[in-house]
Number of protein chains: 2
Amino acid sequence: MPTFEDRLTITDQLVSTLRDAILRGKLEPGKLYSVYKIADEFGVSRTPVREAMLRLADAGMVRFERNRGFRVLRTSARELQEVFQLRLLLEVPAAARAAMRANEALIAEVESELDAMAAAASARDEAEFMSRDRVLHELILAASDNKKLVESVRSLRFVTMTLGASTVDRSRSLADILVEHRPIVVAIAAHDSASAAAAMRYHIIHTGTLLLNQLVDEGRDSGYLDPDWVDAFPTYHGHAH
Amino acid sequence: MPTFEDRLTITDQLVSTLRDAILRGKLEPGKLYSVYKIADEFGVSRTPVREAMLRLADAGMVRFERNRGFRVLRTSARELQEVFQLRLLLEVPAAARAAMRANEALIAEVESELDAMAAAASARDEAEFMSRDRVLHELILAASDNKKLVESVRSLRFVTMTLGASTVDRSRSLADILVEHRPIVVAIAAHDSASAAAAMRYHIIHTGTLLLNQLVDEGRDSGYLDPDWVDAFPTYHGHAH
DNA sequence: CTTGGCACAGTAGCATGCTACTTGTCAACA
DNA sequence: TGTTGACAAGTAGCATGCTACTGTGCCAAG
C-alpha cells in the first residue's frame, strides 16, 4: 500500500513563499505588516499566515509586535559576523570530513554542481548561481552524515541571504566566488581533507568579508564590529596558506 | 515612561510548560496526544496549545500527524551522536575563546557556578545539578560573544535532555561529571585556552559516551552507531591528553 | 476463523469570531 | 501655537466553528 507523502499544508507553502518574499526584498526590512493583509493577498485565512510567520519569527527573520503587526528584521553586521563565525566552526570540519568520506557518487555530484555554477556565472544568472552555490554547500555538509549539521547551517544561511537583494555590481564577485569553490571540490575529489578544510575556510572568510564590507559601505549598521572576527575562535584550519 | 516588558503570551508560557513536561517524561515518547485534550487540561483554547506544539515540532521534539494527533519523539542514538558531534565543534572552540576573553567577572561567575554544582552533587539533587550544569555551559558560551552560538547549543541540548528522566543510578555519574568541569573552570581562570579546549572536549566526549551507552543498555535503538563518532570531524583539540 | 466494508469517534488544519490594546487623527481648548 | 483628549482604525492573541480525513471496532458474509 503506497502511503502517499503527506501533501503540504498551506502553512508549509506559506513559509517558503513568505521567506522568499523577505529574501527577495518583496517584504521590506524595517516595515510593519499585518497578518490580515497578507492573508487577503494570498486568498487564505489568517491562521496559516500567522503560523508561517511564527516559524519565521522563530528563525529570527521577523518579530511580532503586540497589536501592531510584525516587522521584517534587518540583518545587522553583528549578526552577519556571528553567522560566519559559526559557519567557520561547522563547515570547515565538514569539508574535511567530506574529503575523507568522498565516494565516486559524491565526487560526481559536487563536480557536476560546480560545472553548473560556472555556467550560471558566465550567464550572469545570479539567482541560479546562488541556488547552485547553496546546493553545493549542502552536498558537502550532507556528506558529513550529520543531519543536524545540515539543518543548522541551512538556517544560518537564511539570515545572510537577506542581503542578496541589494544592488551591487556582482559580476566580479560572482567569478571570484566561483574560483574559490574549485579548490574545495578538487580537494574533496582527491580525498585531501586538509586542503578541503583550508579551501573552505578561505572561501567562507572571503564571502563573509565581502558581505560585511557591503553592509558597511551602505552605511548601515554603525554598530560594533570585531575586525578580528575571523580568528575569534581557534579552529581546525587544514594547512596554512 | 517605563515601558513595561510585554507580558508573556499564553503560547510562550505553554512552550516552556510543555517542553518541561516532555523533558520530565510527563508526556511519554512514542505516544499520541491531541491538542484538544491538552487545551482542556490547561483550561485554554486550542490555538495557543497548537502554536506552542508547532514550536516544539520545529525543535524536533514532537511531530504532528495529520488528523491523528502529535507524537512525542524518542531521541534516537543517532540523534544523540549528531548532537554531541556538533557540541564538540561548537563548545570546544567556545571554551578556548572564553579562556582568552575571561575577565574577573566571568571567572567569578563560573567559579561560583562550579561551587553550586558541587553542593548540588553532594546533596544528590540531580535537578539542581543539571540546571547548574546548563548555566555553566551557557556562561562559557556567552563569553564567546556570539549569541547565535549560544542559541544553537541551547536548542541542541534540549534534544539530549529528554533522556534525563530515565531511571539509572546517577550518583556516580554526577560526581564524575562534576570532576570534569573543574579543569575547564581552572583553565578559563588561568587564561589557558588550550587546556580549556582539551578539558571541554574530554567532558563532552565523556558525557556523550555515557548517554549513548545508557541508550544502548536500555535496548533502545538498535540502529547504526558510528563507534568513531568522536573523531568523525577534525577539530581544534587544545593539547593532547 | 478470516475477510471486508461500514459506521463511528477523534483529530489536524483551516476559517472565522471576538476583544483588549496600540497608534494616529483631529477638534476643542489653553 | 501648543496641549489634551475623545474617537476611529487597525492589530495580535485567543476562542471557537467547521470539514476532510484517519484509524478502530463491529458485524455480516464467506
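Below, read A as the first sequence line, B as the second, and so on, with proteins coming before strands; counting in each chain starts at 1.
- Ion pairing of A:Arg55 with A:Glu51 is absent here, as no side-chain N (NZ or NE/NH1/NH2) approaches a carboxylate O to less than 4.0 Å.
- A:Thr47 comes within 4.0 angstrom of a nucleotide base, judged by non-hydrogen atoms across all strands.
- Counting only N and O atoms by type, the side chains of B:Asp12 and B:Thr9 include a donor and acceptor under 3.5 Å apart.
- Residue B:Lys37 has no polar side-chain atom (N or O) positioned under 4.0 Å from OP1 or OP2 of C:dG10.
- When the C1' atom of C:dC8 is taken as reference, atom CG of B:Asn67 falls 15 Å away, rounded to whole Å.
- Rounded to a whole Å, the OH atom of A:Tyr36 is 9 Å from the C1' atom of C:dG17.
- Between B:Ile38 atom CD1 and D:dA15 atom C1' there is a gap of 18 Å when expressed in whole angstrom units.
- Both A:Arg46 and A:Glu51 lie near DNA chain C, and the one whose nearest nucleotide falls closer to the 5' end is A:Glu51.
- B:Lys31 has its NZ atom 16 Å from the P atom of C:dG10, to the nearest Å.
- Side-chain contact between A:Met117 and A:Asp133: present, with at least one pair of heavy atoms (C-beta onward) separated by less than 4.5 Å.
- Remark: C1' of D:dC21 and CG of B:Leu32 are 15 Å apart, rounded to the nearest angstrom.
- Projected onto DNA chain C by closest heavy-atom contact, A:Pro48 and B:Tyr33 fall at different nucleotides, the more 5' of which corresponds to B:Tyr33.
- When every heavy atom of A:Arg46 is checked against every heavy atom of A:Val35, the shortest pair comes out as O-CG1, 3.5 Å.
- Checking the phosphate oxygens (OP1, OP2) of D:dG13, a side-chain nitrogen or oxygen of A:Arg50 falls inside 4.0 Å.
- Going from atom CZ of B:Phe70 over to atom P of C:dG13 covers 11 Å, rounded to whole Å.
- The phosphate of D:dC14 has OP1 or OP2 within less than 4.0 Å of a side-chain N or O from B:Thr11.
- The phosphate of C:dT16 (OP1 or OP2) has no side-chain N or O of A:Ser45 nearer than 4.0 angstrom.
- Between the CG atom of A:Asp40 and the P atom of C:dA15 there is a distance of 12 Å, rounded to whole Å.
- As a whole-Å value, the separation of A:Leu54 CG from D:dC14 C1' is 13 Å.
- Taking the six-membered ring where the residue is Trp, B:Phe70 and B:Phe64 present tilted rings, their angle falling between 30° and 60°.
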